[in-house]
Amino acid sequence: MKELNIPFRLNMQFENWEFDLDFLPSRIKGYDSFKYRKKLNTTYFINNIKKFELLFNADILTAVIINLNTSSLPLLVNLKKLIIENNKTEIIKIEEIECYKNGRYIYYVSENRNMVIYGKPRFIQKHLLNLLHN
């Protein structure tokens, strides 16, 4: 099993990044949205990131939306492969949208939208369509 090196771990406190965030209009009632303004030096996403959006509920990180540059198709294909190869991952459908679930996260990876969303399973199952259409 390969470990995904994702840049933000769910359930972390807002205070970990509070000085690196810019407020965004809320996508979902009860959740605060922020743009991460610093450049991340992760080997996986380096030079491919257009925007990170972090969604918090009661100062706890609940979901992350990663918008990538249009030249990121190979990265997205590889990320999807890594997620699927994780032997604890199952493919699920949320409103006919293919997602990937392991015990802690649900991932949505879209080559068409150049986007990755990951979050707590209940949150993603309830709000995925809102995240995609806002």
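It should be emphasised that the depicted structure is a prediction, and the values quoted were computed from it without experimental measurement.
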Any chance you could measure [X], atom [atom1], to [Y], atom [atom2], to the nearest 0.5 Å?
X	Y	atom1	atom2	result
Leu24	Leu54	CG	CG	9.5 Å
Ile60	Asp32	CD1	CG	12.0 Å
Asp59	Gln13	CG	CD	6.5 Å
Asn78	Ile83	CG	CD1	11.0 Å
Tyr107	Leu82	OH	CG	10.0 Å
Leu68	Ile66	CG	CD1	6.5 Å

Side-chain heavy atoms under 4.5 angstrom apart, residues restricted to Ile, Leu, Val, Met, Phe, Trp, Tyr: same cluster for Leu131 and Ile97? yes

For Glu96, side-chain contact (heavy atoms from CB on, under 4.5 Å) partners two or more places apart: none

side-chain contact (heavy atoms from CB on, under 4.5 Å) partners of Lys81, counting only residues at least two apart: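 Once residues adjacent in sequence are excluded, the partners of Lys81 under the side-chain contact (heavy atoms from CB on, under 4.5 Å) criterion are Glu85.
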
Check whether any side-chain heavy atom of Tyr100 sits under 4.5 Å from a side-chain heavy atom of Ile91, and report yes or no. yes

For Phe34, ring pair (Phe, Tyr, Trp, His ring centres under 6.0 Å) partners two or more places apart: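 So Phe34 forms a ring pair (Phe, Tyr, Trp, His ring centres under 6.0 Å) with Phe14, Phe23, Phe56.
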
Show the nearest heavy-atom pair for residues [X] and [Y], with the distance to one decimal.
X	Y	result
Tyr31	His127	CE1-NE2, 4.2 Å
Pro25	Ser33	O-CB, 3.8 Å
Cys99	Ile106	CB-CG2, 3.8 Å

Begin from the C-alpha positions of Leu10 and Arg104 and carry the test side chain to side chain contact (heavy atoms under 4.5 Å, CB included) through to its verdict. CA-CA 9 Å; Leu10 299 182; Arg104 298 178 299 166; over 6 Å; no

Within a radius of less than 6.0 Å around CD of Glu95, do more than 12 heavy atoms belonging to other residues, nucleotides or ligands occur? no

What verdict does the side chain to side chain contact (heavy atoms under 4.5 Å, CB included) test give for Val64 and Leu55, after you've listed the backbone C-alpha separation in whole Å, the side-chain angles of each residue and the deciding distance to 0.1 Å? CA-CA 6 Å; Val64 177; Leu55 286 86; over 6 Å; no

Among all residues two or more places apart in sequence or in another chain, which pass the salt bridge (charged side-chain N to carboxylate O under 4.0 Å, His left out) test with [X]?
X	result
Lys51	Glu53
Asp20	Lys38
Arg113	none
Glu98	none

Check side-chain hydrogen bond (donor to acceptor under 3.5 Å, both in side chains) between Glu90 and all other residues, then give those that pass, not counting sequence neighbours.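 Listed in chain order: nothing, the list is empty.
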
Stepwise, does the side chain to side chain contact (heavy atoms under 4.5 Å, CB included) test hold for Tyr108 with Leu128? CA-CA 9 Å; Tyr108 165 77; Leu128 180 62; 4.2 Å; yes

Any donor-acceptor pair under 3.5 Å from Asn67 side chain to Asn114 backbone: no

Looking only at atom types and distance, does a side-chain atom of Arg37 sit under 3.5 Å from a main-chain N or O of Phe19, one as donor and one as acceptor? yes

Let me have the donor-acceptor pairs involving side chains of residues 115-126, under 3.5 Å, with sequence neighbours excluded, atom names and distances please.
residue, atom, partner, partner atom, Å
Tyr118, OH, Phe8, N, 3.2
Tyr118, OH, Phe8, O, 2.7
Lys120, NZ, Asn11, OD1, 2.7

Side chain to side chain contact (heavy atoms under 4.5 Å, CB included) between Ile84 and Thr89, intermediate numbers included: CA-CA 6 Å; Ile84 292 170; Thr89 299; 5.6 Å; no

